[in-house]
Q: 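Submitted below is the structure of interest, expressed as structure tokens.
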Amino acid sequence: ADRYDAPAREKHWQKAWDDKGLFEAQDDGARPKYYVLEMFPYPSGRIHMGHVRNYTMGDVVARFMRARGYNVLHPMGWDAFGLPAENAAIERGVHPGKWTYDNIATMRGQLKSMGLSLDWSREIATCDLEYYHQQQKLFLDMLAAGLVDRKTRKVNWDPVDNTVLANEQVIDGRGWRSGALVEQREQPEWVFKITDYAQDLLDALETLERWPDKVRLMQANWIGRSEGLLLKFETMAGSSPKGFETVEVFTTRPDTLFGASFVAIAPDHALAQAIASSNPDARAFVEECQRHGTSAAEIETLEKKGFDTGVRVAHPVIEGAELPVYIANFILMEYGTGAIFGCPAHDQRDLEFARAYGLPVLPVVLPPGADPKTFEIGNEAYTGDGTLFNSDFLDGLAVVDAKNAMADRLEAREIGGAPQGVRKTQFRLRDWGISRQRYWGCPIPMIHCETCGLVPVPDEDLPVKLPEDVTFDVPGNPLDRHPTWKNVTCPSCGGAATRETDTMDTFVDSSWYFARFCSPRANVPTDTNAVGYWLPVDQYIGGVEHAILHLLYARFFTRAMHKTGHVALDEPFKGLFTQGMVTHETYKDENGKWLFPEDVATRDGKSVHVSTGAPVTVGAVESMSKSKKNVVDPDSIIGTYGADTARWFMLSDTPPERDIEWTTGGVDGAHRFLQRIWRLAGEAALTGTAAGTACPANLDDDALALRRATHKTIAAVTSAVERLRFNSAVAQIYELAGTLSSALQAEAPTEGSKFAIREAAEALVRLAAPMVPHLAEECWKILGNQGLVAEQAWPEADSSLLTEDTVTIAVQVNGKRRGELTIARDAAKEDIEAAALALAPVARAIEGREIRKIVVVPQRIVNVVA
Ligand code: ANZ
Ligand code: ZN
């Protein structure tokens, strides 16, 4: 054949690996372990190019580490609970379980066709009864350890999907999936007490040296530690409802108190509620506010609105001064005390608010170099550092010192027998609400009994299995209206009781799957020996979109599992790598409708519709997404070019953390190069020495040069893959292919060259093997080798071939420089002498004279005394 038929041969090699069970991780402690994991997919139906990129990278690492002698764990599973399965059930009448397992079957087949070196014997799906049974045990252990709580909180309620949404799932006040206006509801929910670990989760970020700084920063911001002051304002007699003698605020800027011009409270603050109960205008305002989502990001962009309650408070440090109290839409009840004092000159939100309601804007922090007489605030608050002014006893102090001075002053003062101010460290992180009012999730193993209250399901009654006979014909949670499943007898008193019908947030499922892979069939959540050996994950690879939630939840969960004795460590992921997205051009037809890339062709340099020939508008390059149709199906690429082409493309050119643009030209280029490697292997098999031939003793220059290039490439590719610089590894392989190709052009190669050609070809194949494993097997066989590349050790660079080992030496005759000589660094003295005398200018200079002495300073100089 004159072409490598990848799609056909890939199946063959996949079977060869499977037959030998090469990728099954061994639970033994003899070899050093290496655990490489890619974020497991949601079984949505088909794999997409983002998966191809992600899993290819992980597979390169897995194959590389295996070749380097590690016992590698590289598992795969399915994040299989979640809403889309239920939506499919609603839309198409197929049971969520069937929909999910069918998708898994399809996607498993697709992943297998990629030739990933996965240990399929450890496959898990989070919707497997076996898996969520263990998760229920973890829940109960956490409950016993005081890490679970039931709280009534204000939640975002999606009236279309009929479930609670996390703040992150509310976009512009609407449910991310349904697009419905989200309502605020008070509702009891189960929460995990992640806030118990706020400080620890923050501190430990510093130990995560092999995590991207960006991700660590995002997590730190999310945890959001603030040091500030709780400060009580006294309400003026008669201005406020009974029972509200003070309003307590949280501030990180007590230094700005002399610039305060109002106090503001959240719409659901107790004082606001009290006022609203007797004042219809206040009530109308509060209700309007409650229609908005509560996410902090949204609050930033909101038009700042307030309602003057008529309540007045005394300024804590300005004698006789009063401040108005507003209900304001930008104050969150869930943060601090749900109340603030506003200093418009130094806070942007406060400034916008003050401008809207005609409140004073008095600057109290003077920027360095500014003139106190002329300094003014325009449309932007000054939030930087500086020196206090307009501030009585704080005047002249730097911001830090002024914060302390004010805090000291207020801590020393008393209101009603308690200090007026108290220093407080505040976290933005909230407890993790895990209740979802949906069917397709892990049932929360609790029972509600009128007599006993909340009763955990006893261990012997686990698992709480999802009933299969459910209907989706009416909105809401099928578990809630199931005729039998819901009704139980109380394990504690034997009376009639009901099951908890909330299921767990699917982020719980993905918070410990990496631990489960260590002992996927154990009838306890984790096997101590297995997790002791395999954890932490050495290299975790996934999308940056999980930088906060999934990774933070997993870090918390690991701590919780540590506390409950299921693992012996706190940090699950030693190394983290976040890969970029796969992008593609977008296309629209004449009517502005999105088109798939396969519907677009180029004719006479113009983009047209493949079948109609109508003009097509080529739009921006964007992340592949179904909504814009700029997707390419991995199956069609694998079917046409083979998996290795897709893999090679994903690794080439673009650094792995950047977005990569999928182009037909790029794919063709990748494919051509792989064909070239295949041809080179064939030519090298003919020209090079036979497999296993030893290196001849004396190598000519060409042979030596090729050997050097080979070993330099081995060293460079090794280092690049170690650092996950896949694109530079690929570039090195390209270069070696070029060098080998030129070497193959030589007529009548010496024995040395023949050896060097074989060595180069074998190295090329072995170095490319983690990236294009099928092609590598094919070439390995063409080169006449036994066994599989997948079983070979990683090539070692010969360090003596890495240094340039020729030197250039000056040659003098009677102390006068006559020429120079390039010779092997370790050349013998006689060889250097002979080479020096053979130089033409030297020979001329000594012509007719007798050579009395030759002084050789090795690697430096030769002096001929004549
Ligand atoms: C007065 C002040 C003056 C403030 C100033 C800032 C600048 P971080 O750093 O994120 O912790 N704040 C407190 N509780 C709030 C709530 N529930 N909703 C909205 N805003 C709230 O932010 C702390 C600052 O955010 C606090 O400090 C408070 O405003 C505001 F020149 O107090 B500051
Ligand atoms: Zn009971």
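Counting starts at 1 for both ligands and their atoms, in listed order. Everything quoted here is computed from the prediction, not taken from an experiment.
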Q: What I want to know is whether Thr256 and ligand 1 share at least one N or O pair that is separated by under 3.5 angstrom.
A: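 It does not: no N or O of Thr256 is found under 3.5 Å from an N or O of ligand 1.
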Q: With Ile340 as reference, evaluate Ile331, Val247, Thr251 under the side-chain contact (heavy atoms from CB on, under 4.5 Å) test and give the passing residue.
A: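 Of the listed residues Ile331, Val247, Thr251, the side-chain contact (heavy atoms from CB on, under 4.5 Å) partner of Ile340 is Ile331.
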Q: Contact between ligand 1 and Gly336 is defined here as a heavy atom of the residue under 4.0 Å from a ligand atom; is it met?
A: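 Gly336 does not count as a contact of ligand 1 under the 4.0 Å cut-off.
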Q: Among all protein heavy atoms, pick out the one at the shortest distance from atom 12 (N) of ligand 1; state its residue, atom name and that distance to 0.1 Å.
A: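 Here the nearest protein heavy atom works out to Ile340 CG2, 3.3 Å.
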Q: Using a distance-only test with no angle check, is there a side-chain donor-acceptor pair under 3.5 angstrom linking Ser178 and Asp161?
A: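 The answer is no; no qualifying pair exists.
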Q: Side chains of Trp190 and Glu500: donor-acceptor distance under 3.5 Å anywhere?
A: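 Indeed, the side chains of Trp190 and Glu500 share at least one donor-acceptor pair under 3.5 Å.
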Q: Who's the nearest protein heavy-atom neighbour of atom 13 (C) of ligand 1, and how far?
A: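 Nearest neighbour among protein heavy atoms for atom 13 (C) of ligand 1, to 0.1 Å: Phe250 O, 3.3 Å.
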Q: Taking only heavy atoms of His346 into account, list the atoms of ligand 1 that are under 4.0 Å away from them.
A: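 Those of ligand 1 that fall under 4.0 Å from His346 are 5 (C), 7 (C), 31 (F).
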Q: Do Tyr335 and ligand 1 have an N or O pair less than 3.5 Å apart?
A: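 Yes.
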Q: So does Asp505 pair up with Arg436, basic N to acidic O under 4.0 Å?
A: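 A salt bridge is present here (some side-chain N lies under 4.0 Å from a carboxylate O).
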Q: What I want to know is whether Asp347 and ligand 1 share at least one N or O pair that is separated by under 3.5 angstrom.
A: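 Such a contact does not occur with ligand 1.
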Q: For ligand 1, is any non-hydrogen atom under 4.0 Å from Arg428's backbone (N, CA, C, O), its side chain (CB onward), both, or neither?
A: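 The answer is the side chain.
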Q: What about Thr252: any of its N or O atoms under 3.5 Å from an N or O on ligand 1?
A: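 Yes.
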Q: Should Glu322 and Arg312 be marked as a salt bridge (charged side-chain N to carboxylate O under 4.0 Å, His left out) after you check the CA-CA gap, both sets of side-chain angles, and the distance that decides it?
A: CA-CA 6 Å; Glu322 292 181 12; Arg312 298 292 176 264; 5.0 Å; no
Q: Identify the closest protein heavy atom to atom 25 (O) of ligand 1: which residue and atom is it, and at what distance?
A: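 Result for atom 25 (O) of ligand 1: Arg349 NH2, 3.5 Å.
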Q: At the Zn ion (ligand 2), what's the angle from Cys449 SG to Cys452 SG, rounded to 10 degrees?
A: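 It rounds to 110°.
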Q: Between Phe353 and Phe262 (judged by ring centroids, cut-off 6.0 Å), do the two rings come close enough to count as a pair?
A: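 That pair passes the under 6.0 Å test.
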Q: For atom CD of Glu186, is the number of surrounding heavy atoms from other residues, nucleotides or ligands below 6.0 Å larger than 12?
A: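 Atom CD in Glu186 is packed in, count exceeds 12.
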Q: Specify side chain, backbone, both or neither for Phe330, according to which of its non-hydrogen atoms lie closer than 4.0 Å to ligand 1.
A: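 Under 4.0 Å from ligand 1, Phe330 contributes backbone atoms alone.
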Q: Hey, does Leu332 come in under 3.5 Å of ligand 1, counting only N/O atoms on both sides?
A: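 The answer is yes, given that Leu332 and ligand 1 share an N or O pair closer than 3.5 Å.
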Q: Tell me which protein heavy atom sits closest to atom 32 (O) of ligand 1, plus the residue, atom name and distance to 0.1 Å.
A: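 Looking at atom 32 (O) of ligand 1, the protein heavy atom closest to it is Thr251 OG1, 2.7 Å.
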Q: Counting only heavy atoms from other residues, nucleotides and ligands, does the tally under 6.0 Å from CG of Asn379 exceed 12?
A: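 No, the 6.0 Å shell around CG holds no more than 12 heavy atoms from other groups.
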Q: For atom 8 (P) of ligand 1, which protein heavy atom lies nearest, and how many Å away is it?
A: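 It is Ser226 OG, 3.3 Å.
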Q: Give me the residue, atom name and distance of the protein heavy atom closest to atom 7 (C) of ligand 1.
A: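 Of every protein heavy atom, Arg253 CG, 3.4 Å lies nearest to atom 7 (C) of ligand 1.
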Q: For Glu334, which part has a heavy atom under 4.0 Å from ligand 1: side chain, backbone, both, or neither?
A: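 Near ligand 1, Glu334 shows nothing, with every heavy atom at 4.0 Å or more.
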Q: Do Asp158 and Arg185 sit within salt-bridge range, that is, some charged N less than 4.0 Å from a carboxylate O?
A: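 Looking at Asp158 and Arg185, the cut-off is not met.
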Q: What's the separation between atom CG in Leu552 and atom CD1 in Ile548, rounded to the nearest 0.5 Å?
A: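 Reported value, rounded in 0.5 Å steps: 8.0 Å.
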